[in-house]
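There's a structure below that I have some questions on.
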Amino acid sequence: MRFIKLNIVSVVLLTFFAANFISAQDSLITDSGGKTVPAAFLKKISVILNQVPVKEAIHEIAKKGNFLLNYNESVLPLNCKITYEADKLPALFILKKILNDYKIDVIVSKGGKVVLVKAVVSQNTIREEKYTISGFLSDASSGEALIGTNVFTDDFTFGNSSNAYGYYSLTLPKGEYRLRFSFIGYENKEALISLNKNIRLDISLSQIPIVYDTVKVVSKVYAENKTTELGTVRLTPTMLNTIPILLGERDILRSLHLLPGVTNSREGDAGLYVRGGNADHNLILLDEAPIYNAFHTFGFFSVFNSDAIKNIKLIKGSAPPKYGGRLSSIIDIQMNEGNKKEINGVAGIGLIFSRLTLEGPFIKDKGSFLISGRRTYLDVFKLLSSDSNIDKTRFYFYDYNLKANYIAGPKDRIYLSGYFGRDVIGFGKEFEISWGNKTGTFRWNHIFDDKLFSNTSFVFSQFDYSTYVDETKSNSYDPFYDPTPEKIELISKINDFTFKEDIQYFHDSRNVFNFGGNYINHSFLPGKISSRGNVNFDFTIGDRNAHEIGIYASHEYQYSTKLKLNYGLRYNLFFVNGPADVFDIDDIEEDLDVEFHGDESKVYGGLAPRFSALYELDNETSLKFGYSRNYQFIHMVSNTNSGTPLDFWQPSSNKIKPQSADQISLGYFKNMTDYEFSAEAYYKKMDNLIDFKDGANIILQNYFESELAFGEGWSYGIELMLKKNIGRFSGWIGYSLSKSMRQFDAINNGNAYPSKFDRTHDFSIVANYELSEHWKVSANWVFASGYNTTIPLGKYKVDEFVVKSYSERNAYRTPDYHRFDLSITYETSGGSVWNLTLYNAYARNNVYTMLFRENERNRQMTEAVKYSLFGIVPSISYTMKF
């Protein structure tokens, strides 16, 4: 009985002792032989050694750690002195770290003694003395993967970031390391590691309020000053939720307008024009699926529901070679995976949308789901009207996001996601126009070994629109009444089926390789018109199939402690084919302007090199340089500025050549205690750009390429940004000074002219302030040069017809644009949020469009009338978490 009591007391004392000397991470500390170190040798101590002889230093550590040393003095480099500083680290960890450079092993014997012996080093041992630590990084409360989390040693000698799935891998020389894991908005975490074998270490980080000072700048120093990325911005919904937005809705794409280098066309347009490029020059990906029309209601809102989004990455500069197919930017958006710990949800109601998101585990800690939806309810208000015409109207749009993921094992993860969205505008049975996107993505992550990670994807994407008109006569008293219906339907569609394989090989701490490829099957139906009634016909425009193949390889190389290189090459192959256009015409006017063509086949290809370099001036300051070439094989044909559904996509063909762009950029980056500053300059040259000829007509034009003009463009500028992420006051100031030009032989008499998206000045201030735990105030102010347009300069008569004389293309600039938005947020103790927003708070009448009309008093005079879209727009929304 006494023996049992003694053992119980021993266990209790040992548990208490271990709790005071060892943490969960300390279990990774071993002796030089790989044996787990007893807790008695892991007492945390602090030492400051300044040119202290080795023998004196190791005895000071042993004394503070309460253990004795056994060694032969011939083992020690007695003439060497040590300089080292540590605060509250395990004693044996410190001992191993300072002796590692002298090739001295620290062994804990079976009798519980610490023995120092000379390490046996052979040529084979030297080659093999590198080991890998790898794993997944996730949110502690939800299990969501943390993308771009910084993983580095405490001296910044080695490090990198987690990939798009939260996986990291570091291969380091054998030794003692204190690894730091950091992500903005999360607590920093450390792990003490004796690296003498390959280690799998999954880490969970906990969220903390961003106003806390514990989110230290050390993570930002590594993120901004240790990567070769240029023109790259990462945003999370947490950051976006503080920005006042039109009608209180958190719009991801509209928020990007507040960043330097990203402009919109005009008030109310959510389209993106990056560094002088066109709207279709941006590759927008949602869980790797391309989104071809990212807007609702003719450009006022984007299709992305922020409740379902985890991460947004905007690349304006030199994109990695795994991306291809667009000239200006990559907008890589990833959906939430779903909470693996517990079921929770978010519900909200505003002036435009109601929304609901539900997520949770279907197998705790292994599998989760996400269901998110939002819908407008403007059509509900028609029930309050007695007007029969209003009652016939239909106007609504919706977005649904679905996702599921499953951890199939320590080396395999499976993801399945989808998006469905649509707009509908109609009036009774007489008229309806609708458009929308559908996407589906299946992804499989597999870890072949600690260094080799692969992602295999199967992706489907579709955008379509349709217009339906019923012109059936309804007056039976008309003697010429014809009961035969007149119904016309227009359909346009693009389908993509994609297979992708992306592989990362983490060779060691200085070398990371990426390689892979993708195949896309494009199916284009620019237009199909059907008529039923007195005139019956089916008319198909430009029905084609195309195949796009891309293969790539890149290498990130840490040449020295100051110089890092990232270079790669992408090869693109594109071929298009299509049968002769088919017309089933029962009755058609003979003078209809239609051209015919037969089978078509064309092949294009090209090499797209990418290069970027980082040079550290010091630990806080770096210079970066980048160059990239991009090809674009599919093109959006549009004669509007607002991203309407009437825009359609067309492949390269015998007449339409692929667009290409070369961009060089140079950046200066500085991280201070609480601030980040960056300055980037760029020059971009674009070839084979597409625009419409003056007076072009594409209505019912089968071979409409004859109405297109081809030319070149160039843009250049400088972008400045000062950002503060930490503290009760946060935000950024951004400014860009830029120029964007076009030149087409068939336009403007061959003279160069400014593009529609040229903005000389673009300035934005975003500020957020935490008044208290519950109250927050946010504001932004934007200023931009007006947009360019073409205006009539005069008119004259020709054979009794009035003909207008116009200025050169885009020769007139509308007045400057500026706007102030204000937002006040109150968060209850239960997590519910009330938000009041004033959009355009000082009611600036910014120009939306300009119309030219005859003066009422003098018919000989033409006057310009400027129209504004919004005055001050107040809104209120409520969000509930459960």
Side-chain angles (χ1 to χ4, degrees), residues 265 271 273 276-281 326-328 524 526-527 541-542 544 574 576 581 593-597 600 602 604 606 630-644 646-662 684-716 739-758 787-796 798 801 803-813 850 852:
S265 172
Y273 307 95
N278 297 339
D280 67 321
H281 290 169
R326 298 295 189 276
L327 299 191
S328 285
F524 298 89
I541 302 174
R544 291 187 180 100
F574 184 88
V576 61
D581 294 315
D593 185 12
V594 178
E595 299 178 13
F596 296 83
H597 69 283
E600 180 181 41
K602 185 66 177 178
Y604 291 102
N630 288 282
Y631 289 95
Q632 182 164 329
F633 298 98
I634 63 175
H635 323 281
M636 186 175 72
V637 180
S638 171
N639 57 5
T640 69
N641 294 337
S642 56
T644 72
L646 299 179
D647 304 333
F648 59 90
W649 290 82
Q650 182 72 8
S652 297
S653 62
N654 285 319
K655 185 174 180 62
I656 302 177
K657 295 181 180 180
Q659 300 177 73
S660 63
D662 292 273
K684 180 163 61 177
K685 177 69 168 58
M686 297 167 280
D687 293 308
N688 298 324
L689 296 183
I690 299 174
D691 205 340
F692 284 106
K693 297 177 181 177
D694 293 329
N697 174 30
I698 63 170
I699 303 300
L700 292 181
Q701 283 282 4
N702 178 40
Y703 200 51
F704 61 87
E705 290 100 328
S706 61
E707 299 289 350
L708 299 178
F710 305 94
E712 62 181 11
W714 58 93
S715 60
Y716 51 89
K739 191 70 178 176
S740 176
M741 299 293 292
R742 298 287 187 269
Q743 186 172 26
F744 291 73
D745 291 339
I747 298 175
N748 205 45
N749 297 318
N751 297 320
Y753 59 91
S755 73
K756 290 184 292 187
F757 323 114
D758 174 58
Y787 66 87
N788 297 313
T789 187
T790 306
I791 63 172
L793 297 178
K795 58 185 178 181
Y796 53 92
V798 177
F801 291 98
V803 179
K804 292 182 179 180
S805 174
Y806 285 87
S807 68
E808 293 187 346
R809 178 72 71 100
N810 296 336
Y812 177 78
R813 189 182 294 274
M850 294 179 62
F852 296 88

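Positions are given from 1, in the same order as the sequence printed here.
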List in chain and number order the residues that pass salt bridge (charged side-chain N to carboxylate O under 4.0 Å, His left out) with D687, two or more places apart in sequence or in another chain; answer none if no residue qualifies.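 Testing D687 for salt bridge (charged side-chain N to carboxylate O under 4.0 Å, His left out), a comparison that skips the adjacent residues, returns K685.
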
P754 versus N788, closest heavy-atom pair with distance: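 Closest pair (atom of P754, atom of N788, distance): CB-ND2, 3.5 Å.
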
What's the shortest heavy-atom distance between N810 and T790, and which atoms? N-OG1, 2.9 Å

Which atom names give the shortest non-hydrogen contact between H635 and I690, and what distance separates them?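 Scanning both residues completely, I find the closest heavy atoms to be CG-CD1, 3.6 Å.
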
When rounded to the nearest 0.5 angstrom, what distance separates OH in Y273 from OH in Y787? 12.0 Å

At their closest point, which heavy atom of V576 faces which heavy atom of S652, and how far apart are they? CG1-O, 3.3 Å

Does a side-chain heavy-atom distance below 4.5 Å link D691 with R809? yes

In Å and rounded to the nearest 0.5 Å, what is the OG to CG distance from S660 to L327?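 Going from OG on S660 over to CG on L327, the span is 7.0 Å.
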
How would you list, by chain and number, every residue that makes a ring-ring contact (aromatic ring centres under 6.0 Å, His included) with W714, sequence neighbours excluded? none

ring-ring contact (aromatic ring centres under 6.0 Å, His included) partners of Y753, counting only residues at least two apart: none

Distance-only, no hydrogens or angles: does the D745 side chain make a donor-acceptor pair with backbone N or O of G750 under 3.5 Å? no

So, using salt bridge (charged side-chain N to carboxylate O under 4.0 Å, His left out) as the criterion, who are the partners of D280 when residues are at least two apart? none

State, with a plain yes or no, whether a side-chain heavy atom of F710 is found less than 4.5 Å away from one of K655. yes

Is it true that the side chains of S328 and K684 contain a donor and an acceptor less than 3.5 Å apart? yes

Going by ring-ring contact (aromatic ring centres under 6.0 Å, His included), name the residues that satisfy it together with F633, two or more places apart in sequence or in a different chain.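 Applying ring-ring contact (aromatic ring centres under 6.0 Å, His included) to F633 gives F574.
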
For F744, what residues pass the ring-ring contact (aromatic ring centres under 6.0 Å, His included) criterion, not counting sequence neighbours?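 Result, ring-ring contact (aromatic ring centres under 6.0 Å, His included) vs F744: none returned.
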
Would Q659 and M686 count as a side-chain contact (heavy atoms from CB on, under 4.5 Å) if you check the C-alpha gap in whole Å, the side-chain angles of each, and the deciding distance to 0.1 Å? CA-CA 7 Å; Q659 300 177 73; M686 297 167 280; over 6 Å; no

Show your reasoning for whether side-chain contact (heavy atoms from CB on, under 4.5 Å) applies to Y604 and K657. CA-CA 8 Å; Y604 291 102; K657 295 181 180 180; 4.0 Å; yes

When every non-hydrogen atom of R326 is compared with those of Q632, the smallest separation belongs to CA-OE1, 3.4 Å

Can R742 and N278 be said to form a side-chain contact (heavy atoms from CB on, under 4.5 Å), step by step? CA-CA 11 Å; R742 298 287 187 269; N278 297 339; 3.0 Å; yes

Can you confirm whether R813 sits close enough to D758 that some side-chain heavy atom of one is under 4.5 Å from a side-chain heavy atom of the other? yes

Just wondering, do I634 and Q650 contact through their side chains at under 4.5 Å, heavy atoms?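 Answer no - side chains too far apart.
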
Between S755 and S740: side-chain donor-acceptor atoms closer than 3.5 Å: yes

Could you tell me the separation between the CZ atom of F524 and the CZ atom of R544, rounded to the nearest 0.5 Å?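 Spacing of CZ (F524) from CZ (R544) equals 9.0 Å.
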
Residues N751, Q743; criterion side-chain contact (heavy atoms from CB on, under 4.5 Å); working and verdict: CA-CA 6 Å; N751 297 320; Q743 186 172 26; over 6 Å; no

What closest approach, in Å, do N688 and P658 show between heavy atoms, and which atom pair accounts for it?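 In terms of heavy atoms, the two residues are closest at ND2-O, 2.9 Å.
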
